[in-house]
Amino acid sequence: MENVKNVLNEGFVRLAEVNANDLSVVNSARVSFGKIKNEMEEADKGLINFLMREKHGTPFEHNYFSFHVKAPIFVAREWFRHRIGWSYNEYSARYSVMHDSWYVPDVGSVRTQVGKPGSYSFEPLEPELASDITKVIDEACGTAFRTYNYMLERGVAKELARSVLPVGMYTEFYATTNARALMNFITLRADDNAQYEIRQYAEALASFLKAEMPVTYETFESNGRVAP
Ligand SMILES: Cc1cc2nc3c(=O)[nH]c(=O)nc-3n(C[C@H](O)[C@H](O)[C@H](O)COP(=O)(O)OP(=O)(O)OC[C@H]3O[C@@H](n4cnc5c(N)ncnc54)[C@H](O)[C@@H]3O)c2cc1C
């Protein structure tokens, strides 16, 4: 499987390092009985399903996934709210110049919100208006980035010049986690209630979980994507 998934117009999730398999779930659960296996058997699927269903979450923690992510700052802010079982390091806009890379939605994902807080639904804007909006977003980010460069050229410190950049600018970070915390992320952020943009990242993470831990993923799905 490809270790890079492209997300949004310029983002990606790259699986930088991984050490994860279904057998570690089975063996860590069975240590209670002093048993170790070298290969998965059919009955082990039932055990993983039991652990998932009954929310015995700790056997899903003996593994790690290290992701290199490029995402808009507003997505990163949502992502970094996930504190438990996650480690982060991010590109520094104090020490490095920000790249000229910002989020411009597809015409089809420019939406309006209908309803009240807590029960919004999101409807697409009509295509001509949506197309105009993508241009407005692109121009606004371009103007901010030119202002940023103007300040850098005049010797303003990067840490101050960045204050004019919008949250649609792309940032990069490493995020390392385990399958249990990953499933909690997917439960919350791949859900219809989560913002469209972070949902695209959550689905990329789900595809990596599926590739590395297929039985875990299958039982996660069959239990309604509710993390243990
Ligand atoms: C659709 C959506 C809308 C949101 N809107 C807002 C918003 O308007 N404003 C806002 O501030 N946030 C918002 N959030 C963020 C949300 O409140 C959580 O901070 C975020 O989803 C991380 O979830 P988490 O705490 O389960 O993850 P983690 O921080 O990874 O925690 C994992 C689990 O550990 C346990 N845990 C962690 N910390 C504690 C603790 N201190 N005490 C007890 N148990 C703990 C909980 O069981 C938790 O589920 C939103 C999230 C979603 C998905």
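Side-chain atoms are counted along with the backbone in the values below, which use heavy atoms only and exclude waters and symmetry mates. Atoms within a ligand are numbered from 1 in the order they appear, just like the ligands themselves.
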Asker: When you look for heavy atoms under 4.0 Å from ligand 1, do you find them on the side chain of N184, its backbone, both, or neither?
Answerer: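 The side chain, only.
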Asker: Indicate yes or no: does an N/O atom of N193 lie under 3.5 Å from an N/O atom of ligand 1?
Answerer: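 So ligand 1 has no N or O lying under 3.5 Å from an N or O of N193.
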Asker: Would you say atom 19 (O) of ligand 1 makes contact with the protein, given that contact here means a non-hydrogen protein atom less than 4.0 Å away?
Answerer: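 Under 4.0 Å from atom 19 (O) of ligand 1, at least one protein heavy atom found.
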Asker: Which option wins on minimum heavy-atom distance to atom 50 (C) of ligand 1: R77, R189, E78, R180?
Answerer: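 Among R77, R189, E78, R180, the closest heavy atom to atom 50 (C) of ligand 1 belongs to R189.
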Asker: Just need the protein heavy atom nearest to atom 17 (O) of ligand 1, so name the residue and atom and give the distance.
Answerer: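 Residue, atom and distance for the closest contact: R81 NH2, 4.4 Å.
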Asker: For Y88 and F80, run ring-ring contact (aromatic ring centres under 6.0 Å, His included): C-alpha distance rounded to whole Å, both residues' side-chain angles, the deciding distance at 0.1 Å, then the answer.
Answerer: CA-CA 8 Å; Y88 300 107; F80 293 173; 4.5 Å; yes
Asker: Identify whether NZ of Lys or CZ of Arg in R154 sits under 6.0 Å from the centre of the six-membered ring of Y150 and within 45° of that ring's axis.
Answerer: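 Yes, R154 and Y150 form such a contact.
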Asker: At what distance is the nearest protein heavy atom to atom 23 (O) of ligand 1, and which residue and atom is it?
Answerer: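 Protein heavy atom with the smallest distance to atom 23 (O) of ligand 1: L188 CD1, 3.5 Å.
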Asker: What are the two closest non-hydrogen atoms of L182 and L205, and how far apart are they?
Answerer: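 What the structure gives for the nearest pair is CD1-CD1, 3.7 Å.
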Asker: Right, does atom 43 (C) of ligand 1 have protein non-hydrogen atoms nearer than 4.0 Å?
Answerer: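 Protein heavy atom within 4.0 Å of atom 43 (C) of ligand 1: absent.
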Asker: With backbone taken as N, CA, C and O and side chain as the heavy atoms from C-beta onward, which portion of Q195 lies under 4.0 Å from ligand 1: side chain, backbone, both, or neither?
Answerer: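 The answer is neither.
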Asker: How far is atom 40 (C) of ligand 1 from its nearest protein heavy atom, and which residue and atom name does that atom have?
Answerer: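 The closest heavy atom on the protein side is R83 NH1, 4.4 Å.
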Asker: What do you reckon, does I84 have a nitrogen or oxygen under 3.5 Å from a nitrogen or oxygen of ligand 1?
Answerer: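 Between I84 and ligand 1, an N or O pair is found under 3.5 Å apart.
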